[in-house]
Amino acid sequence: MRTCLSAILLAALACDGGTSPSPPAYVFVSPTTRLLVEAGTTFRFEARVTDARGSTISGAEVAWSVADPSVATIDATGQATAAATGRTEVRAAAGDVSGTAALEVYIPASVAEYVPGRTYFGRNQYVEYIAGDLPLVVSAGHGGGEEPAEIPRRTYGTLGRDSWTQETTRAVRDSIVAYFGGGQPHVVISRLRRTRLDPNREIVEAAQGSEFAEQAWREYHRFIAIARERVAEDHGHGLYVDLHGHSHPTPRVELGYLLTGSDLSRSDTQLNAPRFPEQSSIRSLARRVDLSFADIVRGSESLGALLFGERVTTVPSPLIPDPDGEPFFSGGYSTRRHGSLDGGVIDGVQIELHGPGIRDTDRNRRRFAGALARALRSFLETHYGFAWD
Ligand SMILES: [Zn+2]
């Protein structure tokens, strides 16, 4: 017994002295999962080799391989190169032991032309794009319900879902087809629950480090960008509508042109100062039409007035020119990015819907969808020079 223990002790001492290295016992590959998008994208995996006690064996030789080289290849340094859509396993072997990581390659299908009325999906169908041909783009970023295990729960920011806004958006689409002479709006929907992705934030807060959520975020904004380009090409200008649901105490629709409640509390004369249209998501419209900015925002032909005409209480509008100190959503990341604030010919408005009577039942969603479609049609005909049968 004593001899045996001494031998082990001696072996350990020898190891600590570095004269006789311990054999590799574990290999850890990092990261443990990786998504590569686009063929030819490269990424270098790292391997850490340890002995049985968990001490890193520096300079240990590692042999890299992939299970399916048709998906991705890997070189002697651990650098993988994406080849085709699929999943494979990356393996790093040291002596008799090895460690693995999951590698996914996703190469979006190349689309020569988006056909109006046809649906296109991003990876795992987290993001849906129904292509259109009208000068109208509608998005819904907060109505999704999917909570895939591969995307961790977001830990900060707003997590509450805008319930029924995905269904409302689909009803709005149906009504637009009905009221725009059969034309189709472009529609972009995030099907992920807001606990997994908030596409109405910049990518860091939106995806919170999940590469799968980041991919969905990119797809969401890319589809909107594709739709905007199509609208600009086909029609010269148009409107982007970002649909949301709010739970503010006063049940009314809120229109966000990037003007805050305090901006809107100013008089019409003050609101007509150049800085307000310049900071708004309808900057292109304000430059183009022969109306004062206050008239565009809350005059008799404003979107708020047209919605009131459909018996939908709306702020800002001639009757409710400003939120009067109550909570109000002035427009978020998507309206900022995809409206005409930074140029371009597509204006933007964030439309925040209350629940009761609007999105709470199928009947109410359909009724509201008809009202919004008619109001949008009048708005586009009045200010954008379009006409539909
Ligand atoms: Zn929202």
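For ligands, and for the atoms within them, numbers begin at 1 and follow the listed sequence.
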- prompt: How many protein atoms of type N/O/S are positioned less than 2.8 Å from the Zn ion (ligand 1)?
  reply: 3
- prompt: How are the rings of H237 and F386 set to each other: parallel, tilted or perpendicular (split at 30° and 60°)?
  reply: perpendicular
query: When the ring planes of Y114 and F223 are compared, do they come out parallel, tilted or perpendicular, using 30° and 60° as the limits?
result: perpendicular
message: Can you confirm if the aromatic rings of Y240 and H186 lie within a centre distance of less than 6.0 Å?
response: no
- prompt: Taking the six-membered ring where the residue is Trp, are the ring centres of Y333 and H338 under 6.0 Å apart?
  reply: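 They do not qualify: ring centres at least 6.0 Å apart.
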- request: To the nearest 0.5 angstrom, please state how far the OG atom of S317 sits from the CG atom of L303.
  value: 10.0 Å
Y384 and D347 side chains, donor-acceptor separation under 3.5 Å: yes
